[in-house]
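This chain uses plain numbering: 1 for the first residue, then up along the sequence. FYI, side chains are in, hydrogens and waters are out, and symmetry mates aren't considered; it's all heavy atoms of this structure.
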Amino acid sequence: MSPRKNRRATPGRPQGRGGGDGPFLGLGRHVEESGDGEWIVQAVAGANAVKAYRCPGCDQLIQPGVPHLVAWPADERGGADDRRHWHRPCWQARERRGPRLHRGRGAPRY
């Protein structure tokens, strides 16, 4: 087996695990800019996901142990209370979806 080749760092590209469009902020965080503003996005590994959360994109539970994303507004209005946990595909599709109709628990689903 041949040794792994080193990859050259491209100028202007931050080092590390960002995985997004915007600048890398450390700890797996990066800034994403979209039609609904700038968001700080952080990936959560499955091993670090210890609680169940409800995804605002599909309104389904994100079970413990499932890798997902946490996003919150990047401007001064965003704080710890504004963080939302998303499935990765739901986060990527959020601009393609229309507004969701939120129903009560006992409402029919038609």
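Side-chain atoms of E38 do not come within 3.5 Å of backbone N or O of P73 as any donor-acceptor pair. Not a single donor-acceptor pair under 3.5 Å links the side chain of R29 to the backbone N or O of Q42.
For the atom pair CG of N48 and NZ of K51, the computed distance is 14.0 Å after rounding to the nearest 0.5 Å. One distance of note links OG of S34 with CZ of R94; it measures 4.0 Å at 0.5 Å rounding. Atom CD1 of I40 and atom CG of D82 lie 11.0 Å apart (nearest 0.5 Å). Between atom CG of residue L69 and atom CD of residue E32 there is a gap of 7.5 Å, rounded to the nearest 0.5 Å.
Of all non-hydrogen atoms in H68 and A49, the two that sit nearest each other are CE1-CB, 3.7 Å. Minimum interatomic distance between P56 and H85 (heavy atoms only, all atoms of both residues): CD-O, 3.2 Å. When all heavy atoms of C90 and G57 are compared, the pair lying nearest together is CB-CA, 4.2 Å.
For the side-chain hydrogen bond (donor to acceptor under 3.5 Å, both in side chains) test, no residue two or more places apart in sequence or in another chain qualifies with W86. Judged as a side-chain contact (heavy atoms from CB on, under 4.5 Å), and not counting sequence neighbours, the contacts of A93 are R96, R97. In this structure, H87 has no ring pair (Phe, Tyr, Trp, His ring centres under 6.0 Å) partners at least two apart in sequence or on a different chain. Under the rule for a side-chain contact (heavy atoms from CB on, under 4.5 Å), the partners of Q63 that lie at least two apart in sequence or sit in another chain are L61, V66.
Seen from the ring of W91, R88 does not count as a face-on cation partner, given the 6.0 Å and 45° thresholds.
Tracing side-chain contacts under 4.5 Å through hydrophobic residues (I, L, V, M, F, W, Y), one never reaches W72 starting from I62; they form parts of separate clusters.
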